[in-house]
Asks: 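Okay, here's the structure, questions in a sec.
A note on names: the letters A, B, ... follow the listed sequences, proteins ahead of strands, and every chain is numbered from 1.
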There are 4 protein chains.
Amino acid sequence: MPKVVPEYKEEAKSRILDAANRVFAEKGYHEATMDDIAKRLGVSKGAIYLYFSSKEDLFEAMCKTAPQAFKEILYSSFGNEANPIQSATEFFDKMLKLSASDPGLSFEILSEASRNPALKRILKRNHAEYEEVLTGFLTEGRKRRIVGDNVDIRPLANSLIALWNGLETLLVSGLSIDEARSAWLEALKAIFMNQHTANHNPQDRPSRPASKTG
Amino acid sequence: MPKVVPEYKEEAKSRILDAANRVFAEKGYHEATMDDIAKRLGVSKGAIYLYFSSKEDLFEAMCKTAPQAFKEILYSSFGNEANPIQSATEFFDKMLKLSASDPGLSFEILSEASRNPALKRILKRNHAEYEEVLTGFLTEGRKRRIVGDNVDIRPLANSLIALWNGLETLLVSGLSIDEARSAWLEALKAIFMNQHTANHNPQDRPSRPASKTG
Amino acid sequence: MPKVVPEYKEEAKSRILDAANRVFAEKGYHEATMDDIAKRLGVSKGAIYLYFSSKEDLFEAMCKTAPQAFKEILYSSFGNEANPIQSATEFFDKMLKLSASDPGLSFEILSEASRNPALKRILKRNHAEYEEVLTGFLTEGRKRRIVGDNVDIRPLANSLIALWNGLETLLVSGLSIDEARSAWLEALKAIFMNQHTANHNPQDRPSRPASKTG
Amino acid sequence: MPKVVPEYKEEAKSRILDAANRVFAEKGYHEATMDDIAKRLGVSKGAIYLYFSSKEDLFEAMCKTAPQAFKEILYSSFGNEANPIQSATEFFDKMLKLSASDPGLSFEILSEASRNPALKRILKRNHAEYEEVLTGFLTEGRKRRIVGDNVDIRPLANSLIALWNGLETLLVSGLSIDEARSAWLEALKAIFMNQHTANHNPQDRPSRPASKTG
DNA sequence: TATGAATGAGTGTTCATTCAT
DNA sequence: GATGAATGAACACTCATTCAT
């Protein structure tokens, strides 16, 4: 590691976080040792403690940065006004690639969080952000008549997040990717398409009902 | 522990599993010690090893029995022909009570499973059973015209399971119970009610009624 | 170590304390490792933790038992009505033998105690006992006219204890044993003999008040 | 730290020693880290190693300078011809103030010295100096008839030093300051006053006055 | 001279597992 | 079957010391 640069400390932290992310993802919080992380970086154990005060501290820091990728996918998929099913498909495929490298990290985080209030707070903050993105997306969707007026947007945003999270649990439980994708799309279709149907009288989009029943 | 009875071995195992379940639920897999479990039972540490070859073995055995309660709730809520929203509400409230006692155990299991094929297989088996119950429920719902013909039942069953699992993740992330309930019901409403709405607008989609009764 | 005996636990504790005493005496609190103590006993490190919850706990327990030998010497030297100079000589020689095996242990204890209130309390309790023995001895001495009426006994008891403790510091500082013995006896002589001289006026001591006020 | 000055090296050393003294006094040798000392000085850890080769080296150097304050008090209290009780009282009060800031440092030093010959030599040198001061004082006292001819001065000097050192051990063991002062004065009184008393009873011991004025 | 990032050996402590009784 | 004392392999964390800058 080069030194003396002013942003060096941040650079170093970020390299450690990166290594930590990979090691925790591979081995889980408890199985991963500080030595594993240090070795991954080609650095001595002690060096990590120059930047993080404890394993727990490192883990929490990692939890703060981990959802960055998630957020990016969320924004890129749902941040625009695309067709929701298309957005959702895009989201699904991107997320799948992401979580492939993280088999169980999120569950490790969740199980820790269930007993660690500090971690819980971090997750809450992250969740608030996800919720906001989706709420914005759905609000926009309502304007565009893709989402019905009778829909309570915030809860629905939460249920979309829950749905994705839940599919991750099923993937770990052996559900195939195709099955997961079907489940994801079927649910999305049920949520968005039916709304559409109900809200929109056929003359509005004559081709859709046909394709459904057909 | 009483002795000599023939089914004694099974009885003993089951008592240990029960204690393990409670202790793992309270403390998580890694924080729980064999001693904790033994003490909960009023038995010596060594005794557990007469019935289970290792902590991991015990944990896996517990994972096999753990979903019993879940299954019971699933059956009692979705095993009949009730109104789906009502079933779902019932399910939600019962599940909430259940998972209150085991804040993060399911995540612990999932994170282990992501690295432990044996555990993964167990989860898969469990999931298959859940899927079956819900598939049955939805199939029945289709007959009763609550679920549309255009719906692909198996994926929807999976997405319902995913939805619940995902809500658990959000509860750990600090979502309030009321928010979770709203999300759950809003999603269910979106899935079922719109169908319902659609069903009650025959003139709207003339082809539907036919396929429903058929 | 044999097992199952009821007093086994106490026996084991006492063996560990003995080893700890020796190792701490040889290496000092900080340089001594739990492994050192375990190896001295021919036992694994973990075994010690079955009987003592931490190194500190072990050290404190040792501090409680360490003065046993000191007390015995104190009683055997000052518990009777012997001539004080003779008692003191006896005390000196016995103590010397004792502390030869403990070069700096008592200072280790004192330096820890200066920052550890629990340890301080233990030392206080021990000191109270020493004080009592010497107070008894001096009170007896007063009856026997070896100690003057004008002497405040408790403070003098303390100063005798201090004197011994202080000689130990000088021994560590390189004072020879003979010099230490001379210092000890010279002080004792000054304290007791002068009294003696003063006290034993033949006529005999209606003059005491007089001698005091000069 | 300013630079380039010729005596700079000594100046720097002395500043480090000062910081070391304070930190070691506060935390004890083992708990104090090189970083603590460096930070106290506002200097980097590495800087200390330019002046001292190791922590041990620094500690030993500090031990050499540490008794400076002690010596000053010793001289100012016992360096003159005052009444011994008054000198002793003065000494006690000054020393108390001094040792209040370093609760257990001297014991730390002693316990190290018991295993470190180099340190032992330093202590011996210091002790020799103390002994000399007190021997001078007592010799002077003899001339002034405060100290009896029958007294062996060097041992008594040692016992006075021992007495003070020992009182420090008792203070750590929980003896109150007042009790310590009483013990100190009672012993001093026993040593000096009885002599004194004897001196002021000419008719009592006719031989004494002669030797006194002689 | 001075810095401070990096090292790496070392230590207290835990705990799953074993085994003599 | 059951016990619980003992093991021993880990692991998080610390800190004196070094050295490139």
Side-chain angles (χ1 to χ4, degrees), chain A residues 1-5 8-9 12 30-38 41-58, chain B residues 1-4 8-9 12 30-39 41-58, chain C residues 1-5 8-9 12 30-38 41-58, chain D residues 1-4 8-9 12 30-39 41-58:
Chain A
M1 287 202 217
K3 297 171 200 179
V4 200
V5 210
Y8 175 65
K9 198 134 191 167
H30 289 96
E31 307 304 326
T33 72
M34 292 301 264
D35 236 0
D36 289 333
I37 297 169
L41 255 169
V43 142
S44 78
K45 200 168 28 170
I48 298 179
Y49 285 91
L50 293 174
Y51 301 93
F52 298 94
S53 65
S54 67
K55 190 185 183 185
E56 194 178 329
D57 183 32
L58 175 57
Chain B
M1 280 201 235
K3 301 176 194 179
V4 201
Y8 175 60
K9 191 137 191 170
H30 289 95
E31 307 304 327
T33 72
M34 293 300 264
D35 233 7
D36 289 333
I37 297 168
K39 263 169 200 148
L41 253 167
V43 142
S44 81
K45 221 179 348 182
I48 298 178
Y49 284 87
L50 294 172
Y51 300 94
F52 298 94
S53 67
S54 69
K55 190 185 184 186
E56 196 179 328
D57 182 30
L58 175 57
Chain C
M1 289 201 215
K3 296 172 200 176
V4 200
V5 210
Y8 176 63
K9 197 132 192 170
H30 288 97
E31 306 304 325
T33 71
M34 293 300 264
D35 235 3
D36 288 333
I37 297 169
L41 255 168
V43 142
S44 78
K45 207 169 21 169
I48 298 178
Y49 285 89
L50 294 174
Y51 302 93
F52 298 94
S53 66
S54 67
K55 190 185 183 184
E56 194 179 331
D57 183 30
L58 175 56
Chain D
M1 282 203 234
K3 301 176 196 180
V4 202
Y8 175 60
K9 191 135 189 169
H30 288 96
E31 307 305 326
T33 71
M34 293 301 264
D35 234 8
D36 289 333
I37 296 168
K39 263 170 201 147
L41 252 169
V43 140
S44 81
K45 220 178 351 180
I48 297 178
Y49 284 88
L50 295 173
Y51 301 93
F52 297 94
S53 67
S54 68
K55 190 186 183 186
E56 196 178 327
D57 182 31
L58 175 57

Asks: Would B:Ser54 and B:Asp57 count as having a side-chain donor-acceptor pair, cut-off 3.5 Å?
Replies: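 No, because no side-chain N or O of B:Ser54 sits under 3.5 Å from a partner of the opposite role on B:Asp57.
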
Asks: Taking atom C1' of F:dA12 as reference, at what distance in whole Å does atom CG of A:Asp57 sit?
Replies: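 My rounded result for the distance is 13 Å.
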
Asks: Provide the closest heavy-atom pair for C:Asp36 versus C:Glu31 in the form atom of the first, atom of the second, distance.
Replies: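 Nearest pair, atom of C:Asp36 first, then C:Glu31: OD2-O, 3.8 Å.
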
Asks: Scan every strand shown for a Watson-Crick or G-U wobble partner of F:dC13, both distances under 3.5 Å, and answer none if you come up empty.
Replies: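 E:dG10 - that is the nucleotide pairing with F:dC13, both distances being under 3.5 Å.
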
Asks: Between B:Glu56 and D:Gly46, which has a closest nucleotide on DNA chain E that is more 5'?
Replies: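 Nearest-nucleotide comparison on DNA chain E picks D:Gly46.
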
Asks: Grab the two heavy atoms, one from C:Ala32 and one from C:Lys55, that are nearest each other, plus how far apart they are.
Replies: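 Residues C:Ala32 and C:Lys55, closest heavy atoms: O-NZ, 2.8 Å.
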
Asks: How long is the line joining CG of B:Leu41 and P of F:dG1, in whole Å?
Replies: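 Those two atoms, CG and P, are 15 Å apart.
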
Asks: From CD of A:Glu31 over to C1' of F:dA12, roughly how many Å is that when rounded to an integer?
Replies: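 After rounding, the gap between these two atoms is 15 Å.
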
Asks: 5'-most contact on DNA chain F: C:Gly42 or D:Ser54, nearest heavy atom basis?
Replies: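 Its nearest nucleotide being more 5', the pick is C:Gly42.
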
Asks: Which pair of non-hydrogen atoms, one from C:Ala38 and one from C:Ser44, has the smallest distance, and what is that distance?
Replies: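 In this case the closest contact between C:Ala38 and C:Ser44 is CB-C, 3.8 Å.
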
Asks: Would you mind telling me which residue lines up with the more 5' stretch of DNA chain F, B:Leu50 or A:Tyr49, judged by nearest nucleotide?
Replies: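 The residue closer to the strand's 5' end, by nearest nucleotide, is B:Leu50.
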
Asks: Specify the separation, in whole Å, of atom CG of D:Asp36 and atom C1' of F:dA16.
Replies: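 The answer, rounded to whole Å, is 12 Å.
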
Asks: Can you find an N or O donor on one side and an acceptor on the other, under 3.5 Å apart, linking the side chain of B:Lys45 with the base of E:dT17?
Replies: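 Result: at least one qualifying N/O pair found.
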
Asks: When all nucleic acid strands are considered with a 4.0 Å heavy-atom cut-off, which category describes B:Thr33: base, sugar-phosphate, or nothing?
Replies: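 Sugar-phosphate contact only - B:Thr33 comes under 4.0 Å of backbone atoms but never of a base.
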
Asks: In whole Å, I'd like the distance from the CD1 atom of B:Ile48 to the P atom of F:dG1.
Replies: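 Atom-to-atom, B:Ile48 to F:dG1, this comes out as 15 Å.
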
Asks: If you check every side-chain atom of A:Ser44, which of F:dG4, F:dA16, E:dT7 has the closest atom?
Replies: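 Taking heavy atoms from C-beta onward, the closest nucleotide is E:dT7.
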
Asks: Which is true for B:Ala38 with a 4.0 Å heavy-atom rule: it touches a base, it touches only sugar-phosphate, or it touches nothing?
Replies: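 Result for B:Ala38 = nothing.
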
Asks: Rounded to the nearest Å, what distance is computed from the CG atom of residue D:Asp35 to the C1' atom of nucleotide F:dT14?
Replies: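 For the pair D:Asp35 CG and F:dT14 C1', the rounded distance is 11 Å.
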
Asks: Let me know the distance between NE2 of A:His30 and P of F:dA12, rounded to the nearest Å.
Replies: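 Going from NE2 in A:His30 over to P in F:dA12 covers 10 Å.
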
Asks: Output the single nucleotide from E:dA6, E:dG12, E:dT1 whose closest atom is nearest the side chain of D:Tyr51.
Replies: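 When the side chain of D:Tyr51 is considered, E:dT1 is the closest of E:dA6, E:dG12, E:dT1.
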
Asks: Rounded to whole Å, how long is the line connecting atom CG of D:Leu58 with atom C1' of F:dC15?
Replies: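 Result: 15 Å.
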
Asks: Within this structure, what is the CG-CD1 distance for the pair A:Leu58 and A:Ile37, rounded to the nearest 0.5 Å?
Replies: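 The CG atom of A:Leu58 sits 5.0 Å away from the CD1 atom of A:Ile37.
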
Asks: Could you let me know what E:dA20 is paired to, Watson-Crick or G-U wobble, both distances under 3.5 Å, or none if it's on its own?
Replies: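 By the stated definition (distances under 3.5 Å), F:dT3 pairs with E:dA20.
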
